[in-house]
Amino acid sequence: MKISATSLPRPLSAVAPKAENMLHVNDSIEAVENVFARDVVGGLSADVKTLPSRWLYNERGSELFEEITRQDEYYLTRAETSILRERQRDIANFIEPGAVLIEYGAGAGVKTELVLSGLRDPRGYVPIDVADAFLAETSRRIASRFPSLWVRPIARNFLDVFEVPFDGFSGGRTGFFPGSTMGNLNASEAKALLMQMGRHLGKNGRAIIGVDLQKNVDTLLRAYDDSAGVTAAFNLNLLQRINAELGGDFRLERFKHVARWNEIEKAVEMHLVSVCDQRVTLCERAFGFRTSESIHTESSRKYTAESFERLARSGGWKVVEFWQDAGGLFGLFGLIRY
């Protein structure tokens, strides 16, 4: 449905938001399906096959990603969580009292609880995520944990252009983008998101963004190819989603998950590699795969403090705080608009 300023709810007490109270900025489910079909057909028709990483995160994909964060090899969540715990007071001092926290790609919102519990009189929480059911559950849990908090989930891909209505609310706004998802975006996407965050958060807006730092390549590759095979299942789930939603006939056993390091892009890439010559059909189209041909599904770029600061400036932000874990694996950046 369309959103308007009058669609904002009253402040929540112990009443948790229901899925039907979420702001759905897309016009219809059919529109989402059409975009998915367009992206899949276009990506598989290219000379170098690729699929946008955003489509990895349906309900099952979101569940698998949360499982990834609990794997031994996936240091990112542990490192970021240690920063949020150890620098909780510093982070609270950075965020203005009475602020609304807007989280991009909220997921399970576990890290958000650490932030909210340290803030002074937080007024509201706006989680934004494409997975409706996952988003509703996160919103219910946050509302229950913080009964005086105003909670309003928005079911939307955070890369799309949309507005976050704040009619009648005069408090400060802080964007929260943890988990190194910024690294999944190319330079133009990252800049566009930073500029959109600036529009959402206003002239006095602040933001806290998580970034995975450059390090030993072996450590990076293990984080994206865990021994339990959870990341592989997460990647292959995209083919299952195509089968279920677009009538595809991918045989998952004919593809394998591969993680690669791209030195030029300073990124770990995820690929689905065909193990044989084969033909796949979907949307009344046929697509051929040669043995060892891959579908590039995600890039996770790694930054230095300097390279991220340059990116932030390009999107209209100034880095004023930089917190990292004891091992120097991960960084949280505090930004203000300039």
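Every heavy atom of this structure was used, including side-chain atoms; hydrogens, water molecules and symmetry mates were not. The structure displayed is predicted, hence computed values, not measured ones.
Remark: R85 CZ is loosely packed, at most 12 non-hydrogen atoms of other residues, nucleotides or ligands lying under 6.0 Å away. Atom CZ of R285 has 12 or fewer neighbouring heavy atoms from other residues, nucleotides or ligands inside a 6.0 Å radius. The 12-atom threshold is exceeded at NZ of K215, counting heavy atoms of other residues, nucleotides or ligands nearer than 6.0 Å. Other residues, nucleotides and ligands place no more than 12 heavy atoms under 6.0 Å from the CD atom of E284.
For the pairing with I295, the side-chain contact (heavy atoms from CB on, under 4.5 Å) check across V273, L239, L238 returns one residue only, L239.
Without hydrogens or angle criteria, D325 side chain to S82 main chain gives no donor-acceptor distance under 3.5 Å. E73 contributes a side-chain N or O that, together with a main-chain N or O of S227, makes up a donor-acceptor pair within less than 3.5 Å. With hydrogens and angles disregarded, no donor-acceptor distance shorter than 3.5 Å links the side chain of R301 to the backbone of E265. Counting only distance, with no hydrogens or angles, the side chain of E80 and the backbone of P178 share no donor-acceptor pair below 3.5 Å. Between the side chain of Q196 and the backbone N or O of F162, at least one donor-acceptor pair lies under 3.5 Å. A donor-acceptor pair is defined here as one N or O able to donate and one able to accept, closer than 3.5 Å; such a pair exists between the side chain of N58 and the backbone of G61. No donor-acceptor pair under 3.5 Å is formed between the side chain of Q324 and the backbone N or O of I83. Side chain of N235 to main chain of H271: a donor-acceptor pair is present (N/O by atom type, distance under 3.5 Å, no hydrogens or angles). A side-chain donor-acceptor contact under 3.5 Å links D129 to the backbone of A106.
Placement of F94 and Y338 in two distinct hydrophobic clusters is found when ILVMFWY residues are connected by side-chain heavy-atom separations under 4.5 Å, directly or transitively.
Between H200 and Y104, the two ring planes are parallel [angle under 30°; tilted spans 30° to 60°]. The aromatic rings of F333 and F322 sit parallel to each other, their planes meeting at less than 30°, with 60° as the upper class boundary.
Residues Y224 and S300 bring a donor and an acceptor atom of their side chains to less than 3.5 Å of each other. No side-chain donor from either of D225 and T231 sits under 3.5 Å from a side-chain acceptor of the other. Side chains of S53 and N184: no donor on one and acceptor on the other come within 3.5 Å. Side chain to side chain, S117 and Q88 meet the donor-acceptor criterion of an N or O pair below 3.5 Å.
The CG atom of L114 sits 15.0 Å away from atom CZ of R87, with the distance rounded to the nearest 0.5 Å. To the nearest 0.5 Å, atom NZ of residue K256 and atom CG of residue L236 are 12.0 Å apart. A distance of 9.5 Å separates CG of L101 from CG of L201, quoted to the nearest 0.5 Å. Between atom CG of residue L56 and atom CG of residue L51 there is a gap of 8.5 Å, rounded to the nearest 0.5 Å. Atom-to-atom distance recorded for E63:CD and F234:CZ is 12.0 Å, nearest 0.5 angstrom. Considering CD1 of I209 and CZ of F308, their distance stands at 4.0 Å, rounded to 0.5 Å.
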Between R140 and E137, does a salt bridge (Lys or Arg N to Asp or Glu O under 4.0 Å) hold up when you go through it step by step?
-> CA-CA 5 Å; R140 283 191 288 266; E137 176 56 33; 3.4 Å; yes

Could you please spell out the steps behind the salt bridge (Lys or Arg N to Asp or Glu O under 4.0 Å) verdict for D160 and R54?
-> CA-CA 11 Å; D160 294 339; R54 62 174 171 159; 3.8 Å; yes

Verdict with reasoning, E103 to K111, per salt bridge (Lys or Arg N to Asp or Glu O under 4.0 Å) = CA-CA 10 Å; E103 183 171 10; K111 299 166 191 169; over 6 Å; no

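Aromatic rings from F255 and F250 are positioned such that their centres are separated by under 6.0 Å. Between Y57 and F134, a ring centre-to-centre spacing not shorter than 6.0 Å is recorded.
By the 6.0 Å and 45° rule, R254 does not stack over the aromatic ring of F289. In this structure, K49 is not positioned above the aromatic face of F287 in the sense of NZ or CZ being under 6.0 Å from the six-membered ring centre and within 45° of the axis.
The two residues L311 and A187 have their closest heavy-atom pair at CD1-O, 4.4 Å.
The shortest distance between side-chain heavy atoms of R120 and N93 falls below 4.5 Å.
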